[in-house]
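A note on names: the letters A, B, ... follow the listed sequences, proteins ahead of strands, and every chain is numbered from 1.
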Amino acid sequence: MKMTKIYEGSHQWIMFGRDQNKPANIIDSNQYVVRTTNRCLLMDPGGSELFAPMMAAVLHHAPVEQITDLFASHQDPDVISSLGLWDQALTNAKLHAPAIWEGFLRHFGCDSIEYVPIPDHGGSIKLDSLELELIPAHYLHSSGNFHVYDPQAKILMSGDVGAALEPIDSPVFVDDFDSHIDKMRYFHQRWMPSNQAKRAWIERVRKLDIDILAPQHGRMFKGDDVKRFLDWFDGLQVGIAV
Amino acid sequence: MNNQTKSQFVAVASITSELSAVMVVAKEISLAAANAKAIAFRAGDKAKGFQPITDFINELAKETIDLVTDINVYALLLYRLTVNEYRRTGAYNRFEIATKLAEGALYGASMQAPLENARARMQDCQRQFKRDVAHLLSQLEAVMHHARAARVIAANSRIEASQAGEYLQSLQAVAESVDKAAHTIHDNVQRCRVALSIYRSN
């Protein structure tokens, strides 16, 4: 499991992914961790196949007892099917996830972890003195969907928005936006169902000060590529399967 | 899922299936008892010896139905325990892998407590499963006992039926159906016992 520190300040952001040992037929995913003094948040911690390498990787940054918060942007198995395993490993943790998915996500096993339902209008996660904002991203692609914005680090963890389907050894940041478009066009057109939802999200996100846009698959965008991505996405017709 | 876990799921699921067949047959016995009672009543003195047997048959059927109802509830609990054991064993295996992968990590040692807890929970489940299997086997033995009793009653019924003159054929048919039902119950329950017995000794 590759680990890349993407922010270092009063707290840290670490990106995990590009797991060379994952089964070949499951999609590669990026997991993100925010580490504060005494707490640790795992965002979209991944599928059950990824649990062991992910746990081992996190232990380079925090002890088990300080993994206090999980976040699931939506209900997909590549996002959170490991929940039942985290549930047995963590003794004092909360899962922040869309309210509408609670009854569904509990199928993965959620007995000891406290489910903190995120209402449709969003909310926040407090980690020590850090406050992260939960940005609604409904229908992008899931009907109950949130992203995580860190106003201090200026990072937006954007779930499936910005995702690309790429080989396991690809770089973690976009280095040539124009050539990257082909890797993400079909994903956005096919997985994202609503142009209306897309426009609402872009309008909301353009107001945020973002240095890094961090999707759950593929490469992250930084600097001017963030605006390039928003402009490109703005002009893209989605929901092409009907 | 490994082969043992698969066969454990199959064994527990097959009990419910076998027992639902037993339940159908037990209800048939109950009907046969009611039928026999009516025939014996019509036969009067000619079937005097048969009349108390019909009460036995009916009681036996009712007890079998009650027992099977209890066992079904228990089998459902055993199924849930199997699911739990599967989850806990899976967690323990993943925790073991995570612990190995985390060797050399700054906080790798903190995985020891979850690993030990997972092992303890898994072993608790395994012990509980064995205890529950032993209990279920004893309940199944009680059903077998009923099936054997039903066969004895069927044999007595044949003897009594032979004294019943023109009612002989009707009462012999009752005796045959009780005997056949007892056979079916015996065979089905025996299959349950065989499926479960390997988990008692493992």
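- Residue contact with chain A, scored on non-hydrogen atoms closer than 4.5 Å, involves the backbone and the side chain of Arg88(B) alike.
- Neither the backbone nor the side chain of Ala118(B) comes within contact range of chain A; no heavy atoms are under 4.5 Å apart.
- Listed options Gly104(B), Pro114(B), Ala109(B) were ranked by heavy-atom pairs under 4.5 angstrom with chain A; first place goes to Pro114(B).
- Contacts between Thr91(A) and chain B at a heavy-atom distance below 4.5 Å are absent for every atom of the residue.
- Between Leu171(B) and Ala36(B), the shortest heavy-atom contact is CD2-O, 4.3 Å.
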Can you list the steps and then say if His74(A) with Asp160(A) is a side-chain hydrogen bond (donor to acceptor under 3.5 Å, both in side chains)? CA-CA 10 Å; His74(A) 60 292; Asp160(A) 280 319; 3.2 Å; yes
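- For Gln169(B), the CD atom is loosely surrounded, since the number of other residues' heavy atoms within 6.0 Å does not exceed 12.
- Screening Val33(A), Leu132(A), Thr68(A) for a side chain to side chain contact (heavy atoms under 4.5 Å, CB included) with Leu41(A), the sole residue that qualifies is Leu132(A).
- Chosen from Ala62(A), Pro53(A), Gly109(A), Gly84(A), the residue pairing most often with chain B at heavy-atom distances under 4.5 Å is Ala62(A).
- Considering only heavy-atom pairs separated by less than 4.5 Å from chain A, the leading option among Ser110(B), Ala102(B), Gly108(B) is Ser110(B).
- Under the side chain to side chain contact (heavy atoms under 4.5 Å, CB included) test applied with Met43(A), the options Gln216(A), Met157(A), Met15(A), His96(A) reduce to a single match, Met157(A).
- The side-chain hydrogen bond (donor to acceptor under 3.5 Å, both in side chains) test with Asp69(A) singles out one residue from Lys126(A), Lys94(A), Arg39(A), and that residue is Arg39(A).
- Only the side chain of Glu65(A) comes within less than 4.5 Å of a heavy atom of chain B; its backbone N, CA, C and O stay farther away.
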